[in-house]
Structures are given as structure tokens and as C-alpha cells.
Amino acid sequence: MNEWRFAGFDKGGVRPHIPVDDSLSVRAGPGLSDSYPDDASYPRPGGIAARALAAARGAPDWLDALNPEQRAAVETLDGPVLVLAGAGTGKTRVLTSRIAHILALQRARPFEILAVTFTNKAAREMRERVATLIGPAAEGMGWLGTFHAISAKILRRHAELVDLKSNFTILDTDDQIRLLKQLLKAENIDDKRWTARALAYLIDNWKNRGLDARHVPAGEAQAFANGKGGALYALYQERLKNLNAVDFGDLLLECLRLFRDNPDVLREYQSRFKFILVDEYQDTNAAQYLWLRLLVQRAGPNQPQNLCCVGDDDQSIYGWRGAEVDNILRFEKDFPGAKVVRLERNYRSTGHILAAASHLIARNRDRLGKTLFTDGDWGEKPTVAGVWDSEEEARVVGEEIEQLQRQGASLDDMAILVRASFQMREFEERFISLGLPYKVIGGPRFYERLEIRDALAYLRCVAQPADDLAFERIVNTPKRGLGESTVQTIHEFGRARQIPLIQAGRLLVETEELKPKPRGSLRALLADFARWSGLIEQTPHYELAEQILEESGYSDFWKNERSAEAEGRLENLKELIRSMEEFPDLGAFLEHVSLVMDADNSEGGERVSIMTLHGAKGLEFDTVFLPGWEEGLFPHQRSLDENGRAGLEEERRLAYVGVTRARKRAKILFASNRRIHGLWQSTVPSRFIDDLPVDHVEVVDEAKSGGSYGAYAQSRFANIDAFGSSYETPGWRRAQSRKAEAPPSRGPKTIEGEVVSRAAPPGKFAPGARIFHQKFGPGSVAAVDGSKLTIDFDKAGRKLVLDTFVELRS
DNA sequence: GATGGGCAAGTTTTT
DNA sequence: CTTGCCCATC
């Protein structure tokens with residue numbers, strides 16, 4: 001829509017060349033995909049395009065689209081700016097407009113703007129939205145990315161200054177744990193009493209706080225493994241350096257070290273980044289804060305610190321992983337003369353929802369304070385409903401969803417936001433039996449899945465023959481008789497000669513060290529590696545990958561595995577190969593994977609979303625269900641125990657995030673009974689329910705509410721007064737009554753319309769037929785009742801499912 | 001070296 | 001009630 005503005009040099013052949021800043025143009029090592037060259041098409045100051053651009057500057061329409069506060073946030077370019085952006089107040093719009101504005105005024109070129117986010121998703125979104133504002137020049141923004149991606153980019157350029165090679169590997173948590181396990185073993189530490197996981201957590205914490213091994217407070221270093229904590233940290237770092245590897249925390253930490261030890265390098269970046277923008281500032285940890293502080297100190301003393309941080313202290317929900325809300329609370333002190341802009345006009349939610357959210361969050365003490373308002377309708381009041389147990393909770397939610405669906409609402413506009421992921425299962429099971437399509441957001445991510453990690457390890461072994469961790473991962477997967485003792489031997493052999501495992505293995509098979517059987521297997525495996533490595537140049541990388549998975553026996557390994565998941569895993573492997581086609585070569589692909597642990601799983605069809613409250617941040621839905629508002633679960637007991645009032649306030653912010661995800665409807669539920677660790681416990685409604693304003697919330701008695709379920713329950717309810725039970729709560733009575741009766745038979749209503757229309761032709765499934773179900777795996781049909789099948793699953797036992805969720809197996 | 005049973009633990013999650 | 005991990009056994 002704004003394309004005309006840049007049309008002059010995008011289409012007209014005027015492509016002015018901007019010389020690349022030589023000092024920074026050192027190319028990174030192999031494997032680095034530099035898809036956004038710094039000198040991407042952009043008008044040279046004073047050039048024809050630039051002048052055409054200046055002419056267009058008169059009335060930039062991105063400014064017209066802003067309210068006065070947003071506009072102030074966009075137009076205040078000089079000096080530090082803090083934008084306190086409440087939920088749904090247009091924070092991303094401000095960030096992207098600001099970038100567009102800087103570029104349009106030619107205050108900086110695209111590669112002179114540093115724009116940092118926390119997630120790849122946020123970075124991608126920002127890039128896309130900038131592109132819609134200003135056109136393809138957004139492609140020139142080589143410094144728009146996550147803290148980690150940008151740090152990695154900087155580190156690769158100067159790797160040698162921090163004792164790394166520029167092709168260093170980035171380890172993920174899994175590699176990290178395995179490395180630490182080895183370390184604990186080597187140090188003879190009881191790794192049950194002191195787990196690798198705990199140590200990883202500790203080290204991560206230190207890194208989040210910007211502490212290297214020498215600066216860890218003595219007390220904390222002492223606390224682990226009888227005083228060995230600090231030493232282990234140092235040893236771990238040493239191991240990483242030997243492997244030419246860094247973990248996520250190191251990306252920032254090594255960057256800090258680079259800047260501190262090399263003032264000239266720091267100065268280059270300081271003068272390069274004319275403007276710095278930070279998204280979700282309330283989520284920054286100490287290391288990221290230091291990183292920003294270093295970069296924002298511009299060369300001259302009078303240079304303005306053009307830092308713009310956008311965030312919302314009320315949405316700080318990541319304290320437990322090192323985020324310091326304090327960073328945002330302290331902003332004005334840190335950056336004297338800072339201008340603070342509050343965005344309080346909400347464009348997302350209706351009045352009652354906002355009122356409820358505001359009232360709730362006002363109970364927190366440590367906050368800067370904002371009051372959201374809207375010009376829109378009051379809309380529906382958020383509802384609060386008590387149910388007997390988690391099963392009823394799932395049932396009630398399912399019914400409301402179907403009712404909304406009948407009224408024409410899309411499943412895509414509905415979400416269930418839970419505090420903890422174990423809550424999801426009950427909803428999934430209910431939805432499966434209802435035939436309600438759903439998707440779980442934020443489960444194990446694509447690249448974190450076992451089979452994907454294994455496949456990647458094979459690729460790493462082939463592309464980076466010194467990758468010991470990858471080698472160890474798959475040396476005996478699938479089983480090929482190379483167990484622990486063999487690996488141990490290779491290890492010792494390699495360590496003695498200071499060479500990587502694969503190389504050690506090569507030498508070792510020529511000796512008599514190994515018994516004939518493992519020696520043969522190892523020799524065969526290494527020969528495979530060598531052969532595949534040789535094919536890198538000639539074979540397209542995705543074909544090579546396929547070949548590797550076939551020839552290594554890895555694909556067969558899953559084909560022969562007869563578990564419920566095997567099918568899906570093979571599917572994932574195919575998806576992996578497909579996704580590789582988007583990358584120019586294997587190196588580029590592996591770099592992508594280590595940083596952008598992300599793969600799109602957008603399948604067709606409307607679906608209800610099920611996700612955690614944490615995962616919901618930044619999203620919005622017409623209707624939001626908020627189940628499980630019970631003391632102990634939400635606020636979570638552990639949060640209270642471990643962090644006291646601060647913990648409670650973070651939980652309350654989580655509640656606030658949850659409520660503010662809703663555009664039109666927020667539905668809060670609590671159960672009186674919940675099964676925790678296998679045993680039933682009676683529960684008390686969350687204190688957050690009491691934090692809601694009476695005038696803006698509707699308390700729903702499920703027994704009296706409308707809808708088929710309500711009517712049903714009410715009629716039951718009428719029957720049981722005669723029980724004369726000493727339990728007086730309606731929920732208890734209802735639950736009692738239901739136990740006496742057959743389960744509610746309101747099935748037919750729910751599978752009218754769309755669902756029924758998707759039913760398989762009658763007779764397709766006959767008793768005895770073998771089938772496959774996406775969640776429960778393979779099974780046999782036991783009985784058929786219209787579109788409803790009773791199935792004996794091989795793993796999951798007998799279940800009633802809809803035929804639309806089942807595939808026939810021959 | 002593989003395999004199955006026993007046992008402890010069990011928020012939130014990105015990079 | 002699960003799940004994942006470790007150890008003991010074949």
C-alpha cells in the first residue's frame with residue numbers, strides 16, 4: 001500500500017550502491033547465512049531515490065494512523081524513550097512505525113538500526129510489519145533479531161577475540177545437560193544428589209546475571225556439590241571452548257566479554273547503531289541489560305542515547321528465568337532525561353474485560369501503574385463459574401465452545417489458557433471424544449523432538465566431523481552394538497591424543513583395542529560418515545539427508561517400532577527433509593536450526609487453541625477460557641513458597657495476561673476437586689477471583705446457566721434435594737446426582753452439522769478392522785454406532801471415538 | 001550390551 | 001496416575 005514511496009528504486013532500476021562499512025564487513029565463517037546484507041537496496045543520501053523519498057515525506061500515513069501517545073512514542077527520536085504499553089495498546093505498531101519513521105526521515109539506514117526481540121516469532125512479525133510500511137527496504141535490516149541471534153552474528157565476526165572459531169556450534173539445553181553429566185561423572189560427583197539439570201539451571205542463572213566463572217559470588221558457588229559449583233562452572237566453560245561451542249547464555253556473555261576486552265570493537269558497534277529499539281523490555285535479564293547499556297553508549301559524550309524500550313511491567317511473567325522487572329522500573333534512573341510514554345488506550349478488549357483486568361492487576365504493589373481504557377462497548381461481563389472437578393470443567397468448556405460454534409463463531413477465535421501443561425490433557429481427551437478440532441500450542445517444539453534431534457545429529461556428524469556431542473548421540477542409535485564401554489574406549493583414545501571422537505574412532509578401528517564385533521560396527525559407521533561427507537558437494541543437501549536416514553537404518557528403526565508415536569515421528573522426519581529445501585546448503589540449515597528452534601506447523605482447518613498462559617502472551621482471541629483458578633494451582637504453590645510476595649505478584653500478572661487476551665469473552669472456571677499427582681484433593685477458589693471487581697464480573701452457577709448443559713444440570717439438581725446431604729454446595733450435589741445417573745447423553749447435539757458431515761461413509765469401519773488414531777495409535781474396532789466407534793487401542797485401551805479421527809489400516 | 005522393572009518426582013519456557 | 005531415569009538382570 002505504501003509501495004509507491006519506494007517504487008523509485010525498487011522497480012525503476014535506480015539501485016544506488018551504499019559502500020559497506022569495511023570495518024564490519026568481515027565475513028563470518030562457513031555455515032553462517034547472511035541473508036540480509038548490510039547494503040541492501042537503500043537510497044544513498046542525496047541520491048535521486050532519496051530526494052524522491054524526501055518529497056513523499058510530507059504526510060506519512062503511518063503517523064496518521066496513530067493516536068497522540070503512540071505518535072509521541074514514534075516521533076521522539078532523540079534520547080532515551082520508555083514506552084509503557086499496556087496490553088492491546090498497539091505496542092508493535094509503535095515499534096514498527098518508529099522504524100519506518102527513522103528510515104523515512106533518513107536519520108539512519110536500515111543496517112544502522114538495532115531492533116531486538118526475545119523470540120524469533122516476534123522478530124519475524126516485526127520484519128513483516130515494517131515491510132508493509134516501507135516496502136522491501138526492510139530487508140536491509142540486518143540487525144533486527146533476537147538478542148541471541150544478533151549476539152551470535154556479532155560473535156561470529158570476532159570469534160577469535162574470545163577464543164572461538166567463527167564456525168562455533170551453539171548447544172541447546174539437551175547437549176548442555178549431556179555435557180554436564182559427563183562432567184559430573186568425571187569429577188566423581190554423585191549425580192543423583194546433584195543433578196546435571198540442577199547444575200545447568202544454576203549456570204544458566206549465573207549467565208543470565210552476566211556472571212562468568214570468576215565472578216560468581218562465593219556463597220552461591222559453594223552451595224552446589226559441597227563447594228564444587230564454581231569449579232564445575234569453570235570446567236564446563238573449558239569443555240565448551242575445547243568443543244568450539246557455546247550455549248545460549250554464552251552468546252550474550254561472550255559478547256559482553258568481547259565488548260569489554262576490545263573497546264575498539266565495541267566502539268564500531270556503538271557508532272553503527274544510531275537507533276536501538278527493544279521489544280518486551282520487562283523480560284530482559286541482567287546480561288541483556290548490560291549488553292544494551294554497552295551498545296547504547298554512543299561514541300561522543302554529547303551523542304544522544306537513542307534507545308527506545310517498549311514493555312509492560314504488568315506483563316512481566318518470566319522472572320523465574322532471569323528476567324528483571326527492575327530493568328523497566330529503573331529505566332528513568334538508568335537513562336537520565338528519558339521520556340516516558342504511556343499507552344493506555346486499549347484496542348482489543350471490551351469494557352468489562354478491561355475493568356476486570358485493571359482491577360485485578362491493581363492489587364499488585366510493585367508496578368509503575370497504568371490504567372487501560374477503551375472507547376468501545378462494555379460488552380459481556382467476564383464470567384466466573386465453579387465446577388465440581390476437572391472433568392466437569394472440560395465438559396463445560398466443550399459445551400460452551402460448541403454453543404459458540406453454533407452461533408457462528410470460529411474455533412480459531414477461541415483459546416483455553418491453562419497455568420500448567422498437565423491441565424491440557426483433560427481438555428484434549430474431552431475434545432477428542434466430542435470431535436472438536438483443537439491444537440496444542442507450545443508443546444515440544446519441532447526441533448526438540450527426539451527423532452528430529454537424532455536426525456540432526458547425523459547431519460551434524462557429516463557436516464561438522466568434530467561435533468563430538470552429535471556423534472555420541474547417534475553412535476548407537478539405532479542399536480548397532482556400540483554401547484557404553486565402546487564409547488568409553490573411543491573417548492579415552494581421543495582424549496589422550498586431543499582429537500575429536502570421529503577421528504579417534506578412525507584410528508581405533510585400525511588397532512586391536514576393540515573386540516571384533518564393535519570394531520566392525522564402528523568401522524562400518526565411520527565409513528558411512530566418510531561416504532556421506534564426500535557427497536556433500538555433489539548431492540543436494542535434502543536428498544543427502546534422506547539418503548543418510550535411509551542408509552543409517554534410522555528410518556527403518558522407526559518403521560519397525562510399533563508404538564503409537566512412530567507414525568508421527570516418521571512424518572516429522574519427512575517434514576524435516578521438506579523444510580531443508582528452503583535453505584541453500586547444509587551449513588545454512590544447521591545454523592538456522594541452532595538459533596531458530598522453530599518450525600511452522602500450520603495445518604488447515606479451524607481449531608481451538610490450548611496453551612499455557614505463558615505461551616499466550618502477545619496473542620489475542622475473541623473468547624478465552626481460563627480454567628483452574630484454584631489456590632495452589634493458580635497462584636501456583638511453588639511460586640508462593642519460593643518467591644513469596646514477588647511470586648504472588650508474578651502469578652497475578654499471569655492472570656492479568658490471561659484476561660487481557662480476550663477480545664469479547666473471558667470465562668474463568670475453578671473446580672472444587674482436582675487430581676494432583678494421582679490423588680484427589682479438594683481445592684479452594686483462587687484469591688485472584690476475589691481480586692476481580694464485583695460490578696464487572698458475572699458469577700455463573702453452572703446449574704442455572706442457559707444452554708443444554710445448564711438445563712440438564714438444573715433438572716438433575718431439582719431431584720436431589722431429597723438426598724438431604726450435609727454437603728450443601730451445588731457442585732457437590734450435582735456431582736453426587738450425576739454419579740447415580742447414566743453419563744449425560746447430550747451427544748447427538750454436539751455432532752450435528754459440520755462434524756456429522758465429515759463422517760465417514762457408513763460401513764467403512766467394521767468390527768475387527770484395524771485402524772490408526774492420531775493420538776491413541778493403532779487399535780481394533782470393537783463396535784460401531786453410527787459415526788461413533790468403540791475401539792480397543794493397542795496401547796491406550798478401550799475408547800469411544802468419532803470415525804473422523806480414525807484412519808483405516810489395511 | 002539390551003531389556004524390563006523399580007522408583008522418585010511431578011510450574012511456567014525462550015534462545 | 002503418569003513419566004522418565006537408573007540399575008539389576010539375562
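Throughout, protein chains are lettered first and strands after them, A, B, ... in sequence-line order, and every chain is numbered starting at 1. Treat the numbers as computed from the prediction; the structure is a model and nothing was measured.
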A.B. asks: Let me spell it out: for each of A:Ile317 and A:Arg480, pick the nucleotide of DNA chain B with the closest heavy atom. Which residue's pick is nearer the 5' end?
C.D. replies: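 On the 5' side of the pair lies A:Arg480.
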
A.B. asks: Could you tell me whether A:Asp313 and A:Arg653 make a salt bridge, using a distance below 4.0 angstrom between a side-chain N and a carboxylate O?
C.D. replies: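 No, A:Asp313 and A:Arg653 are not salt-bridged.
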
A.B. asks: Hey, is A:Arg519 close enough to A:Glu512 for a salt bridge, meaning N to O under 4.0 Å?
C.D. replies: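 Yes.
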
A.B. asks: Regarding A:Arg675 and A:Glu426, does a basic nitrogen lie under 4.0 Å from an acidic carboxylate oxygen?
C.D. replies: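 No salt bridge links A:Arg675 with A:Glu426.
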
A.B. asks: Provide, to the nearest angstrom, the distance between the NZ atom belonging to A:Lys181 and the C1' atom belonging to C:dC6.
C.D. replies: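 Taking atom C1' of C:dC6 as the reference, NZ of A:Lys181 is at 10 Å.
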
A.B. asks: May I ask you to decide whether A:Asp174 forms a salt bridge with A:Arg453, counting only side-chain N to carboxylate O separations under 4.0 Å?
C.D. replies: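 Yes, charged N to carboxylate O under 4.0 Å.
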
A.B. asks: Which is it for A:Tyr289 and A:Arg293 under the side-chain hydrogen bond (donor to acceptor under 3.5 Å, both in side chains) test, yes or no, and what are the steps along the way?
C.D. replies: CA-CA 6 Å; A:Tyr289 166 77; A:Arg293 269 215 83 116; 3.0 Å; yes

A.B. asks: Taking the chi torsion of B:dT12, is it syn (within 90° of 0) or anti (everything else)?
C.D. replies: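 Base orientation relative to the sugar is anti.
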
A.B. asks: Take the angle between the ring planes of A:Tyr318 and A:His614 and call it parallel below 30°, perpendicular above 60°, tilted in between.
C.D. replies: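 A:Tyr318 vs A:His614 ring planes: tilted.
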
A.B. asks: Between C:dT2, B:dT15, B:dT13, spot the one nearest the side chain of A:His614, thanks.
C.D. replies: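 It is B:dT13.
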
A.B. asks: If the plane angle is over 60° it's perpendicular, under 30° parallel, otherwise tilted; pick one for A:Trp143 and A:Tyr269.
C.D. replies: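 The arrangement is perpendicular - the two ring planes meet at more than 60°.
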
A.B. asks: Has A:Arg645 got more than 12 heavy atoms of other residues, nucleotides or ligands less than 6.0 Å from its CZ?
C.D. replies: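 Yes, CZ of A:Arg645 has more than 12 neighbouring heavy atoms, counting only those of other groups under 6.0 Å.
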
A.B. asks: Could you list, one pair per line, each protein nitrogen or oxygen that sits under 3.5 Å from a nitrogen or oxygen of nucleotides 8-10 of chain C, together with the distance?
C.D. replies:
none

A.B. asks: Do A:Gln423 and A:Glu393 get their side chains close enough for a donor-acceptor pair, meaning under 3.5 Å?
C.D. replies: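 The answer is no; no qualifying pair exists.
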
A.B. asks: Tell me: CG of A:Leu252 to P of B:dT14, nearest whole Å?
C.D. replies: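 From A:Leu252 CG to B:dT14 P: 17 Å.
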
A.B. asks: Below the 4.0 Å mark, does B:dT14 have OP1 or OP2 next to a side-chain nitrogen or oxygen of A:Thr146?
C.D. replies: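 No, outside the criterion.
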
A.B. asks: Counting only side-chain N and O atoms of A:Asn476, is one of them less than 4.0 Å from OP1 or OP2 of B:dG1?
C.D. replies: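 No, A:Asn476 has no side-chain N/O under 4.0 Å of OP1/OP2 on B:dG1.
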
A.B. asks: Which heavy-atom pair separates A:Leu144 from A:Ile150 by the least distance, and what is that distance?
C.D. replies: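 Looking at all heavy atoms of both residues, the closest pair is C-CD1, 4.3 Å.
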
A.B. asks: What verdict does the side-chain hydrogen bond (donor to acceptor under 3.5 Å, both in side chains) test give for A:Glu428 and A:Tyr438, after you've listed the backbone C-alpha separation in whole Å, the side-chain angles of each residue and the deciding distance to 0.1 Å?
C.D. replies: CA-CA 8 Å; A:Glu428 287 193 63; A:Tyr438 68 88; 2.8 Å; yes

A.B. asks: Please state how far atom OH in A:Tyr201 lies from atom C1' in B:dT14, giving the value in whole angstrom units.
C.D. replies: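 Atom-to-atom, A:Tyr201 to B:dT14, this comes out as 14 Å.
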
A.B. asks: To the nearest angstrom, how far is A:Leu155 atom CG from B:dT15 atom P?
C.D. replies: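 To the nearest whole Å, that distance equals 18 Å.
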
A.B. asks: Distances under 3.5 Å only, N/O to N/O: pair up the protein atoms with those of nucleotides 8-11 of chain B.
C.D. replies:
from: B:dT11; atom 1: O4'; to: A:His636; atom 2: NE2; distance (Å): 3.2

A.B. asks: Between P on C:dG4 and CZ on A:Arg178, what's the gap in Å once rounded to a whole number?
C.D. replies: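 Atom CZ in A:Arg178 sits about 17 Å away from atom P in C:dG4.
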
A.B. asks: Could you tell me how far apart A:Leu654 (CG) and B:dT12 (P) are, to the nearest whole angstrom?
C.D. replies: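 It works out to 11 Å between those atoms.
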
A.B. asks: Using atom P in both nucleotides, what's the gap between C:dG4 and B:dT11 to the nearest angstrom?
C.D. replies: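 Between the two P atoms, the distance is 13 Å.
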
A.B. asks: Using 30° and 60° as the class limits, which term best fits the ring planes of A:Phe589 and A:Phe583: parallel, tilted or perpendicular?
C.D. replies: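 Ring orientation, 0 to 90° scale: perpendicular.
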
A.B. asks: Where the side chain of A:Thr612 is defined as all heavy atoms beyond and including C-beta, which of B:dA2, C:dC1, B:dT13 is the nearest nucleotide?
C.D. replies: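 Given the options B:dA2, C:dC1, B:dT13, the side chain of A:Thr612 is closest to B:dT13.
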
A.B. asks: Describe the nucleic acid contact of A:Thr173 in one word from base, sugar-phosphate, nothing, applying a heavy-atom distance below 4.0 Å.
C.D. replies: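 Here A:Thr173 touches the bases of the nucleic acid.
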
A.B. asks: Would you say a side-chain N or O of A:Asn208 is under 4.0 Å from OP1 or OP2 of B:dT15?
C.D. replies: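 Indeed not, no polar side-chain atom of A:Asn208 lies that close.
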
A.B. asks: Answer yes or no: is there an ion pair linking A:Arg569 with A:Asp454, defined by an N-O contact shorter than 4.0 Å?
C.D. replies: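 No, no charged N to carboxylate O under 4.0 Å.
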
A.B. asks: Both A:Glu484 and A:Ala149 contact DNA chain B. Which one's nearest nucleotide lies toward the 5' end?
C.D. replies: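 In this pair, the answer is A:Glu484.
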
A.B. asks: Mind calculating the distance between CG (A:Asp279) and P (B:dT15) to the nearest angstrom?
C.D. replies: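 Rounding to the nearest Å, CG of A:Asp279 and P of B:dT15 are 13 Å apart.
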
A.B. asks: Write down the distance separating the C1' atoms in B:dT12 and C:dC5, rounded off to the nearest Å.
C.D. replies: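 These two C1' atoms come out 23 Å apart once rounded.
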
A.B. asks: Might you list the N or O atoms of the protein lying below 3.5 Å from N or O atoms in nucleotides 3-7 of chain B, with each pair's distance?
C.D. replies:
none

A.B. asks: How many whole angstroms separate atom CG of A:Asn673 from atom P of C:dC1?
C.D. replies: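 Taking atom P of C:dC1 as the reference, CG of A:Asn673 is at 16 Å.
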
